[in-house]
Amino acid sequence: MSASRKVLYHHLDYINSKAKTAFELNLNTHYGGWQLTSNNGSHIVQHRITYKQMLAYLQGIKKGLELWNL
């Protein structure tokens with residue numbers, strides 16, 4: 001697992017534990033990058049975006065959870 005992948009999954013683990021969600025990340029470079037899904041991939045939370053965009057997206061969710069003290 002690459003360092004960038006570990007960073008995304010670290011943020012995702014924090015989000016899932018604090019918000020009691022089951023979000024999953026999916027990477028497919030042929031279709032545009034990272035995708036955030038829930039319910040075993042049946043519901044798309046965030047369509048495919050680049051690594052930097054997904055990192056900012058997850059950091060935003062994480063910061064929101066911290067502000068709400070979840």
Side-chain angles (χ1 to χ4, degrees):
M1 186 179 294
S2 68
S4 59
R5 184 180 294 247
K6 286 181 183 179
V7 170
L8 289 180
Y9 279 101
H10 174 72
H11 287 301
L12 184 65
D13 289 341
Y14 178 87
I15 292 166
N16 282 336
S17 67
K18 294 294 181 181
K20 297 176 181 70
T21 57
F23 294 143
E24 298 174 353
L25 283 173
N26 177 304
L27 173 64
N28 191 323
T29 55
H30 295 295
Y31 292 111
W34 292 93
Q35 182 178 40
L36 185 66
T37 61
S38 67
N39 298 332
N40 296 325
S42 65
H43 177 74
I44 298 172
V45 177
Q46 174 61 50
H47 287 278
R48 298 209 181 270
I49 52 179
T50 66
Y51 166 78
K52 286 183 178 181
Q53 292 171 323
M54 184 59 77
L55 179 61
Y57 188 82
L58 293 177
Q59 287 174 335
I61 295 172
K62 186 176 173 182
K63 187 64 172 179
L65 291 172
E66 290 170 355
L67 291 173
W68 282 95
N69 295 321
L70 292 178

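Please read all numbers here as calculations on a predicted model, not as lab measurements.
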Check: Minimum heavy-atom separation for Phe23 to Ser38, with atom names?
Finding: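 Phe23 and Ser38 have their closest heavy atoms at CD2-CB, 3.7 Å.
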Item checked: Qualifying residue, where the test is side chain to side chain contact (heavy atoms under 4.5 Å, CB included) with Gln46 and the options are Met54, Gln35, Gln53 ->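 With Gln46 as partner, side chain to side chain contact (heavy atoms under 4.5 Å, CB included) holds for just one option, Met54.
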Hey, are the side chains of [X] and [Y] touching, using non-hydrogen atoms and a 4.5 Å cut-off?
X: Leu27; Y: Leu8; value: no
X: Leu36; Y: Leu12; value: yes
X: Leu58; Y: Lys62; value: no
X: Trp68; Y: Lys18; value: no
X: Leu55; Y: Trp34; value: no

Output the distance between atom [atom1] ([X]) and atom [atom2] ([Y]), rounded to the nearest 0.5 Å.
X: Tyr31; Y: Asn26; atom1: OH; atom2: CG; answer: 11.0 Å
X: Lys6; Y: Tyr9; atom1: NZ; atom2: OH; answer: 13.0 Å
X: Thr21; Y: Asn16; atom1: OG1; atom2: CG; answer: 3.5 Å

Checklist line | Linked, directly or transitively: Ile61 and Ile44 (ILVMFWY side chains, under 4.5 Å) | finding: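 Result: no, two separate clusters.
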